[in-house]
Amino acid sequence: MEQTNHLFFTISALLFTFFSFARSQSFIGVNYGEVADNLPAPEATAKLLKSTSISKVRLYGADPAMLRALGGTNISVVIGAANGDIPSLASDPAAASRWIAANVLPFIPATDISVIAVGNEVLNSGDASLAAQLIPAMQNLATAVAAAAPNSNIKVSTVNIMAVLAQSEPPSSGAFPSPILPPASKRILQFLTKTKSPFMINPYPYFAYRDDPRPETLAFCLFQPNSGRYDPGSKITYTNMFDAQVDAVKSALKGLGFPDAEIVVAETGWPYRGDSDEVGATVENARAFVGNLVSHLRSMNGTPLMPGKSVDTYIFALYDEDLKPGPTSERSFGLFRPDLTMTYDAGLSKSGSTAQGNSSSAGAPAKGSPAAATAGWCVPKEGATDEELQTNLDYACGQAGVDCGPIQPGGACYEPNTVRSHAAYAMNQLYQMSGRNPWNCDFQQSATLTSANPSYSTCVYPGSQ
């Protein structure tokens, strides 16, 4: 019976992985920035998006050509009102009505506009006057859209950076700074709760690593095996920075009396290139972060404080923005190039395969190379130490959905009772469940893919045919 249950689990996990590639996921979105002079035509971008599992797009404005191109695609769209629009929207309800008439009504219902994001990072802009006008602008826009399109269910929100919190470590201590709380933040949260609109936040594990560039921090930020970080307040051990940051926001909202507020990740990403002093900005790290984030979202595990449901997440960004000022990393977040080929393969294609034109010049493996294979089994490298493998074993068995019962005493894979054998089974099972992408078999460079079936006797490794 144990063997039958294990086989059923394996087949179910693989079927889930296969079908998750074949359709869009409602929780995976992408940011579309336009600070560039080389962007593809909107129609080409819409076609590209339909070839992926991306189901949501966030625009920073309300570009009419892009909104028209997204019509009929079933891709939901967040549009933005610029910071410069806030004073007029706040002071004049008629201005809000005109904004809706120009930027919403011509495109619905063909284009699925889901949210109007009013301003960007306003509460941390340093402009107290602008922050004070944010909630009146949001209220006027909400009133205007309700009057002009009462059946549209379009929400109104605003986007914040993690610095909107006074504290975020450990996650259970997440809190808003009390001096700015009344009236701006709390009034916004009251509005969002009343209108059932999401609290939108930009958590970036990349910046956490940049500020603390240790190997253990990198593993924690990239969803790779690590010892975890214990939160004494909640008694939860976090295994990745993304969950820790999102749960810090959850704790802050709960602390203010808004425990049921919906959280949406409006931006998160990792640059694939940077200046010589920008630690961690590499193709390998970008692929690992985005690929593992996508796998994490697809697992539907959620976060420790919000289990069983993936947070809607918009990855930054669809394309590079070559006109952005600042360091090289600011212009190096794009998942795709202007010629519509992948910068690197993050597992977003509906087929689960590398897009055409994926070149090794950007660090992506060529088709047909061992690193590009997505079948087979994940096993320890020859030179991997027992210490590394014990860390991998503990990490893999701690992930939701990974069944380490077969390597427990009496299990079909308990013998040989060695760290290497047990780690091999657990690492492979996590690889199979996470999407069978090359980066799912990295384990801080202590693992490798093989086409040789490691099953033996009655021990059947997931992935066996």
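Quick note: numbers below take in every heavy atom, side chains included, and nothing from hydrogens, waters or symmetry partners. As the structure is a computational prediction, the values presented were derived from the model and not from experiment.
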List the steps, then state whether side chain to side chain contact (heavy atoms under 4.5 Å, CB included) holds for Val265 with Tyr314. CA-CA 6 Å; Val265 173; Tyr314 292 79; over 6 Å; no
Please confirm whether the backbone N or O of [Y] pairs with a side-chain atom of [X], one donor and one acceptor, at under 3.5 Å?
X: Arg331; Y: Gly326; result: yes
X: Thr52; Y: Lys50; result: no
X: Thr193; Y: Gln190; result: no
X: Asn292; Y: Leu222; result: yes
X: Asn31; Y: Leu59; result: no
X: Lys155; Y: Thr195; result: yes
X: Ser446; Y: Phe443; result: yes
X: Asn428; Y: Pro462; result: yes
X: Thr343; Y: Gly334; result: yes
X: Asp112; Y: Ile75; result: no

Mind checking whether [X] and [Y] have side chains closer than 4.5 Å, heavy atoms only?
X: Glu267; Y: Met200; result: no
X: Tyr431; Y: Asn437; result: no
X: Trp377; Y: Gln432; result: yes
X: Thr385; Y: Gln390; result: no
X: Pro271; Y: Phe289; result: no
X: Val77; Y: Thr111; result: yes
X: Arg58; Y: Val30; result: no
X: Met138; Y: Val156; result: yes

What is the minimum heavy-atom distance between [X] and [Y], and which atoms define it?
X: Val246; Y: Pro203; result: CG2-CG, 4.4 Å
X: Tyr461; Y: Ser421; result: OH-O, 3.7 Å
X: Ala396; Y: Ala426; result: CB-O, 3.6 Å
X: Leu340; Y: Pro40; result: CD2-CG, 3.6 Å
X: Cys413; Y: Tyr456; result: O-OH, 3.5 Å
X: Pro232; Y: Pro170; result: CD-CG, 4.4 Å

When you check the side-chain N and O atoms of [X] and [Y], is any donor under 3.5 Å from an acceptor?
X: Asn160; Y: Glu121; answer: no
X: Asp320; Y: Tyr272; answer: yes
X: Tyr414; Y: Asn417; answer: yes
X: Tyr319; Y: Thr45; answer: yes

First locate atom [atom1] of [X], then atom [atom2] of [Y], and finally report the distance between them rounded to the nearest 0.5 Å.
X: Thr268; Y: Met162; atom1: OG1; atom2: CE; answer: 10.0 Å
X: Asn440; Y: Met433; atom1: CG; atom2: CE; answer: 11.0 Å
X: Ile188; Y: Phe176; atom1: CD1; atom2: CZ; answer: 9.5 Å
X: Thr303; Y: Asp247; atom1: OG1; atom2: CG; answer: 3.5 Å
X: Leu393; Y: Tyr395; atom1: CG; atom2: OH; answer: 13.5 Å
X: Trp439; Y: Ser434; atom1: CH2; atom2: OG; answer: 11.0 Å

Between [X] and [Y], does any side-chain N to carboxylate O distance fall below 4.0 Å?
X: Arg287; Y: Glu284; result: no
X: Arg273; Y: Glu278; result: no
X: Lys56; Y: Asp312; result: yes

Residue pair Val264, Phe199: steps toward the side chain to side chain contact (heavy atoms under 4.5 Å, CB included) verdict: CA-CA 6 Å; Val264 165; Phe199 181 83; over 6 Å; no
Using the side chain to side chain contact (heavy atoms under 4.5 Å, CB included) rule, take Leu430 and Cys378 through it: C-alpha gap first, then chi angles, then the decisive distance, then the call. CA-CA 9 Å; Leu430 182 58; Cys378 180; over 6 Å; no
So with a 6.0 Å cut-off around [atom1] of [X], is the heavy-atom count from everything else above 12?
X: Glu216; atom1: CD; answer: yes
X: Lys381; atom1: NZ; answer: yes
X: Glu34; atom1: CD; answer: yes
X: Lys324; atom1: NZ; answer: yes

Start with the C-alpha gap between Tyr209 and Val279, add the side-chain angles, then the distance that decides, and say whether side chain to side chain contact (heavy atoms under 4.5 Å, CB included) holds. CA-CA 8 Å; Tyr209 172 65; Val279 62; 3.6 Å; yes
May I ask you to check if Arg229 and Phe220 form a cation-pi contact, with NZ or CZ under 6.0 angstrom from the six-membered ring centre and within 45° of the axis? yes
For the pair His296 and Phe242, name the ring-plane relationship: parallel under 30°, tilted 30 to 60°, perpendicular over 60°. perpendicular
Would you call the rings of Phe316 and Phe333 parallel, tilted or perpendicular, taking 30° and 60° as the class edges? perpendicular
What verdict does the salt bridge (charged side-chain N to carboxylate O under 4.0 Å, His left out) test give for Glu262 and Lys196, after you've listed the backbone C-alpha separation in whole Å, the side-chain angles of each residue and the deciding distance to 0.1 Å? CA-CA 8 Å; Glu262 179 190 1; Lys196 298 181 179 178; over 6 Å; no
